[in-house]
Amino acid sequence: MAKPTPTLPQPVEGAQAFGHALGEIWKSMSGLKLPADRINQVQSDYLKQATELWNDTLTRMNSGLATAAAAAGDAAANPAGTLAALRDRRFAATEWAKSPAAAYIAQTYLLNARTLMQMAEAVEGDAKTKARLRFAVQQWIDAAAPSNCLPLNPEALRKAIDSQGESIATGLRQLWNDVRQGHVSQTDESAFEVGRNVATSEGAVVYENEFFQLLEYKPLTAKVYERPMLFVPPCINKFYILDLQPENSLIRYSVEQGHRTFVMSWRNPDASLAAKTWDDYIEHGALAAIAAVQDITGADTFDMLGFCVGGTILSTALAVLAARGEQPAASLTLLTTLLDFSDTGVLDLFVDEAAVQLRELTLGEAAPAGPKLLKGQELATTFSFLRPNDLVWNYVVGNYLKGEAPPPFDLLYWNSDSTNLPGPMYCWYLRHTYLQDELKVPGKLTVCGEQIDLGRIEAPVYVYGSREDHIVPWTSAFQSLKILSGPKRFVLGASGHIAGVINPPAKKKRSHWIGSTDPVPASADDWFADAQEHPGSWWTDWSAWLAQHAGKQVAAPKSYGSRTHKVIEPAPGRYVKQKA
């Protein structure tokens, strides 16, 4: 099997790599400039608004108008945004408005936050460094909110008084529990158990190797389509995002529509897999799953779906097979998947040559102490801090300052169930996709001994993007249409990376857009300009499209697997239950 060649000629100590990375960051930051005239303007505006804020606070204190009604005053009557500023949901509780001191602290914080961001926006320098500066400033702003500090949070203080200190005691217990488990609780994790009330669709494990288990699900219809369906979920998360509860399970929906459904359940890597590569995940992952489905069902071609990184893995595997003269995909569905990495949104802030080298020299094949695992909690923390107010500080305030237990929520339980990644596999992916954007270039990369060209995949393709996705920008998902060569359909759903995908029709929530892709418009914006909005879930559109490629109806199988692929254990299997 071909192994990716380390890009650095000699392994060096991790400390040297870290120093090199810091040097590159400092070099880029040293080139930033803040124009004097812009500084003066920002300072002038700040002093004016700070003075208005102080005078307004004195007036309210003297006139006794520090009430919730006054706090909801018209922004036009408060040019500094003083009272209207408390519409920020972090300060929406009436305790903030009732206390002149608390209101002043919140309003001053918001003024300072706006001013810092204005200064960050005014900085002159290269686009990526400016974006990193804005991100860092925003992280500091969010962390410094007075709502995050018990002595400055009147709502938390009131709760402490009313509960005679019990809320603080509860908060400390919950803080200690989170310290022990290594992450902030976003939901009541004790309310869920994989296989009991999440990942409950009936099925069986019919194949396994050291990388994944293959699940086959029990048919729910008397007849099924002759071509089965294979789901390839992301390996950086567990598969049951597609099977949370029966009412929001894309897996169950697929089975209900008459598809004989198989799903890969990736193993949560331990030290024994620390040295595995991207080639291993293609050869022993997606390619092995495709071969197993073919052997079990007797179908040479069948429908395939990849979600997020799973879509990238599946597309790479199909390109490998295309180079070998094989075209096993009757259709290909890609959900929030990147094949073109020229615009990766906010994640681009974390990727440059120095950062990738640091990863290669601490986790990858060139690491002096040997390859290591990228711990799942590190990835989970990174993704949480892409939306810190929603996924971090909201829970810090609720769990610790107010002593409130987060309510049960299946999606957030899944979100906290993190997975590890082998260092070499992660480093290859980071360098050749996010950094160098080589996957889309025909013949540029060699995977599993084959020069790959995604354009040689002949299957009709259904590409889905989420309009508010901060991990896979929908405009980047759209670019897959220009790389793949088969007939194409593009659908844009409302909401974000997960909520946009997991949107069952019965909920009658959100909407989706459908537009022409024959020919493919020059840009995503051009496509959207002519697209039509439709209420509700995109699932029904996908189901109708998929039925055109699934073949005729045949009698549903009466048992799982085949003579050569016996049932190993009931779904959801062992691998999904392994904790990082």
Check whether any side-chain heavy atom of S147 lies under 4.5 Å from a side-chain heavy atom of W96, and answer yes or no. yes

Mind checking the CD-CZ spacing from Q107 to F91? Nearest 0.5 Å is all I need. 10.0 Å

Rounding to 0.5 Å, atoms CD (E360) and CD (E365) come to a distance of 9.5 Å

If you take all heavy atoms of A199 and F239, which pair is closest and at what distance? CB-CZ, 4.5 Å

Could you please spell out the steps behind the side chain to side chain contact (heavy atoms under 4.5 Å, CB included) verdict for L439 and T312? CA-CA 9 Å; L439 186 61; T312 310; 3.6 Å; yes

In this structure, CD1 of I236 is separated from CG of N420 (nearest 0.5 Å) by 12.5 Å

Does one side chain, of R90 or Y109, offer a donor that lies under 3.5 Å from an acceptor on the other? yes

Enter the distance from Q479:CD to I483:CD1 here, rounded to the nearest 0.5 Å. 7.5 Å

Hey, are T59 and D56 close enough side-chain-wise for a donor-acceptor pair under 3.5 Å? no

Test side chain to side chain donor-acceptor pair (under 3.5 Å) applied to R510 - qualifying residues, sequence neighbours left out: N503

Pairing residues for Q186 by the side chain to side chain donor-acceptor pair (under 3.5 Å) criterion, not counting sequence neighbours: N415

Quick check: closest heavy atoms across V472 and T336, and the distance to 0.1 Å? CG2-O, 3.4 Å

Would you call the rings of Y429 and W278 parallel, tilted or perpendicular if under 30° counts as parallel and over 60° as perpendicular? parallel

Would you please test V392 and F385 for side chain to side chain contact (heavy atoms under 4.5 Å, CB included) and show each step? CA-CA 7 Å; V392 180; F385 274 96; 3.8 Å; yes

Residues 368-386 vs salt bridge (charged side-chain N to carboxylate O under 4.0 Å, His left out), sequence neighbours excluded, gives R359-E378

Closest approach of L411 to L244 (non-hydrogen atoms, all atoms of both residues): CA-CD1, 4.1 Å

Find the distance between CG (L150) and CD1 (I168) and round it off to the nearest 0.5 Å. 5.0 Å

Qualifying residues under side chain to side chain donor-acceptor pair (under 3.5 Å), relative to Y426, sequence neighbours excluded: none

Kindly determine whether D188 and Y413 satisfy side chain to side chain donor-acceptor pair (under 3.5 Å), including the steps that lead there. CA-CA 8 Å; D188 179 4; Y413 172 78; over 6 Å; no

Compute whether any side-chain donor of one residue and acceptor of the other, for S342 and D340, lie under 3.5 angstrom apart. yes

To check you understand the geometry: which heavy-atom pair defines the closest contact between Y281 and M425, and what is its length? CD1-CG, 3.8 Å

Are K579 and D417 close enough that some pair of their side-chain heavy atoms sits under 4.5 Å apart? yes

Residue pairs passing the ring-ring contact (aromatic ring centres under 6.0 Å, His included) test where at least one lies in residues 137-188, sequence neighbours excluded: none

Do N399 and D178 make a side-chain contact, defined as non-hydrogen atoms from C-beta onward lying under 4.5 Å apart? yes

Given side chains that start at C-beta, do those of P424 and P371 come closer than 4.5 Å, heavy atoms only? yes

Any side-chain heavy atom of H512 within less than 4.5 Å of one from L492? no

Short N-O contact, D352 and K128, less than 4.0 angstrom: no

May I ask you to test the T108-N112 pair for a side-chain heavy-atom distance under 4.5 Å? yes

At their closest point, which heavy atom of Q377 faces which heavy atom of S418, and how far apart are they? N-OG, 3.8 Å

For residues 115-123, which side-chain N or O atoms pair as donor and acceptor with protein atoms under 3.5 Å away, sequence neighbours left out?
from	atom 1	to	atom 2	distance (Å)
T115	OG1	L111	O	2.9

Does any non-hydrogen side-chain atom of T337 lie less than 4.5 Å from one of L339? yes

Basic-acidic side-chain contact under 4.0 Å: D162, R158: yes

Tell me whether E166 is salt-bridged to K159, with the criterion being a basic N under 4.0 Å from an acidic carboxylate O. no

If only side-chain N and O atoms count, and only distance matters, is there a donor-acceptor pair under 3.5 Å linking D45 with Q41? yes

Taking the six-membered ring for Trp, are F478 and W474 parallel (under 30°), tilted (30 to 60°) or perpendicular (over 60°)? perpendicular

CZ (F350) and CG (L430) are apart, to the nearest 0.5 Å, by 11.5 Å

All heavy atoms of S480 vs all of V463, minimum pair found to be CB-CG2, 4.4 Å

Are L250 and F307 side-chain neighbours, meaning at least one heavy-atom pair lies under 4.5 Å? no

Are Y464 and W538 close enough that their ring centers fall under 6.0 Å? yes

Residues E468 and S495: side-chain donor-acceptor under 3.5 angstrom: no

Does a donor on one side chain sit under 3.5 Å from an acceptor on the other, for R173 and T170? yes

